Asker: 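Here you go, one structure.
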Amino acid sequence: MDNNKDIYILGIESSCDETAAAVVKNGREVLSNAISSQIDIHTLYGGVVPEIASRKHLERVNQVIKEGLDKAGKTIDDIDAIAVTYGPGLVGALLVGVSAAKALAFSSGKPLVGVHHIEGHISANLIENKELEPPFLCLVVSGGHTHLVVVKDYGEYEILGRTYDDAAGEAFDKVARAIGLGYPGGPKIDKLSKEGNKDAIKFPRAKVVGHKFDFSFSGLKSAVLNYLNQAEMKGETINKADVAASFQEAVVDVLSTHLCEAAFETGIKKVALAGGVASNKTLRDRVEKLCKENGFEFYVPSPILCTDNAAMIASCGYFEYIKGVRSGWDLNACPNLKLGEKNYD
Ligand code: KG4
Ligand code: ZN
């Protein structure tokens, strides 16, 4: 491979409720980042309806890919490889992106690179922090995942902790629904919390005995539901902003404390956030503050690169591509793909 040649990767993402396509140069420079969100339709149902998600991806995928190429000022001929999310995620949703990527790769003769969605989230940090190199610590907090990870090298991960039950984003979504904010809960709780008192209600901070870097959020969710039920039974008016702020504080407290303890224990002084929940203002500010106090470098992508997007998939795909990773024509959707697992069956 000519080492001086610029490499352009087209990324495609369809694992949940965003259809996205992006062109990224040399893994770190975003030329386009097209995203078509389905939030409006899923909001009507209070959460993502998998079958609707698949159908919406099918309707939108070709236009979004065209938009990704057009906005970058590129055609498929300029692209070196096509990177696509093949798991984890909703199987029907993943199949749309994988099928579109395979058809495009096949017809254009370009290589295909399957990308792990969570690895993509982690890679979002490499885009805006050109100097960031592994090893670094990353807390990945999304709607489906909560992983505390050592990024040992490009594509090499060690999981220090994970959630036993609900993911952090899932907890935000469920609590938001309980207090009548609707879907998606994270951004709505983030906003409402600004008007509330984070110390108004003392919600529990769960610890997993014997596994200090693991998380558990279902007890917290139940505590919020109990609080709401009891207030209702007593005929008390609920201050939604206080509930939102106190719940958010409990989540942020646990996430930021685990992340800092992991930095102390591993001696890794580069600390990053990733995933949809990483766009939460309080979490970003808290981890930044803790990093400053303890002399750690802090990294977090812009909010648009925290929630699902294809630029992160193209970035991750680039680092796989230059290592020689290629997927076969038999690449399939893997809804339960584990982090660090390469599964092209
Ligand atoms: O990474 P993402 O876009 O999709 C998955 O891979 O799951 O994450 C979506 C999750 C949702 O649960 C959403 O409520 C949460 O991220 N989220 C937030 C915020 N923005 C999105 N949670 C807290 N605060 C936010 N500002
Ligand atoms: Zn995601």
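Remember, it's a predicted structure, so these values are computed and weren't measured experimentally. Counting starts at 1 for both ligands and their atoms, following the listed order. Atom set for the values below is all heavy atoms of this structure, side chains included, hydrogens, waters and symmetry mates excluded.
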Asker: Give the single entry among V48, D173, D308 that approaches atom 4 (O) of ligand 1 most closely by any heavy atom.
Answerer: D308
Asker: For F264 and F296, I'd like to know if the aromatic rings sit close, meaning centre-to-centre distance below 6.0 Å.
Answerer: yes
Asker: Of all the non-hydrogen atoms in the protein, which one sits nearest to atom 9 (C) of ligand 1, and at what distance?
Answerer: G143 N, 3.7 Å
Asker: May I ask you to check whether G186 has an N/O atom sitting below 3.5 Å from an N/O atom of ligand 1?
Answerer: yes
Asker: At what distance is the nearest protein heavy atom to atom 15 (C) of ligand 1, and which residue and atom is it?
Answerer: V277 CG2, 4.0 Å
Asker: Run the contact test for P187 against ligand 1 with a 4.0 Å cut-off on heavy atoms, strictly below, and give the result.
Answerer: yes
Asker: Any side-chain heavy-atom pair from T146 and D166 closer than 4.5 angstrom?
Answerer: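 No, too far: nothing below the 4.5 Å cut-off.
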Asker: Indicate, with yes or no, if the rings of H258 and F215 have centres closer together than 6.0 Å.
Answerer: yes
Asker: Take every heavy atom of H145, measure it against each atom of ligand 1, and state whether any distance is under 4.0 Å.
Answerer: no
Asker: Measure the distance from atom 20 (N) of ligand 1 to every protein heavy atom, then report the residue, atom name and distance (to 0.1 Å) of the closest one.
Answerer: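 Going by distance alone, atom 20 (N) of ligand 1 is nearest to S279 OG, 3.2 Å.
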Asker: What angle, in degrees and rounded to 10°, do you get at the Zn ion (ligand 2) when you join it to OD1 of D308 and to NE2 of H121?
Answerer: 100°
Asker: Quick check on the Zn ion (ligand 2): does H117 put an N/O/S atom closer than 2.8 Å to it?
Answerer: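 Checking H117: at least one N, O or S atom is under 2.8 Å.
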Asker: Below 3.5 Å, N or O to N or O, backbone or side chain included: is there any such pair between G169 and ligand 1?
Answerer: yes
Asker: Considering heavy atoms of the protein only, find what lies nearest to atom 6 (O) of ligand 1 and give residue, atom and distance to 0.1 Å.
Answerer: H117 NE2, 3.1 Å
Asker: If only atom types and distance count, is the side chain of K74 paired as donor or acceptor with the main-chain N or O of I79 below 3.5 Å?
Answerer: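 A pair under 3.5 Å: no.
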Asker: Let me check something: do V24 and L126 share a hydrophobic cluster, defined by ILVMFWY side-chain heavy atoms less than 4.5 Å apart, either directly or through other members?
Answerer: no
Asker: Taking atom types as modelled, find out whether N197 and D242 have a side-chain donor-acceptor pair closer than 3.5 angstrom.
Answerer: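 D242 and N197 do not have a side-chain donor-acceptor pair below 3.5 Å.
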Asker: Just going by heavy-atom distances, which of G276, G120, P303, C306 is nearest to atom 17 (N) of ligand 1?
Answerer: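 Selected option, by shortest heavy-atom distance: G276.
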Asker: Has K152 got its NZ or CZ under 6.0 Å from the middle of the six-membered ring of Y157, at an angle within 45 degrees of the ring axis?
Answerer: no
Asker: Yes or no: does K191 have any heavy atom under 4.0 Å from an atom of ligand 1?
Answerer: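 K191 does not count as a contact of ligand 1 under the 4.0 Å cut-off.
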Asker: In the protein, which heavy atom is nearest to atom 24 (N) of ligand 1, and how far is it?
Answerer: N280 ND2, 3.0 Å
Asker: Without hydrogens or angle criteria, can the side chains of R286 and S256 be said to hold a donor-acceptor pair below 3.5 Å?
Answerer: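 R286 vs S256: no donor-acceptor pair found between side chains.
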Asker: State whether a side-chain donor-acceptor pair under 3.5 Å links Y299 with E128.
Answerer: no
Asker: Under 3.5 Å, is there a donor on one side chain and an acceptor on the other for E13 and S15?
Answerer: yes
Asker: Going by the atom numbers of ligand 1, which of them fall below 4.0 Å from some non-hydrogen atom of H121?
Answerer: 1 (O), 6 (O)
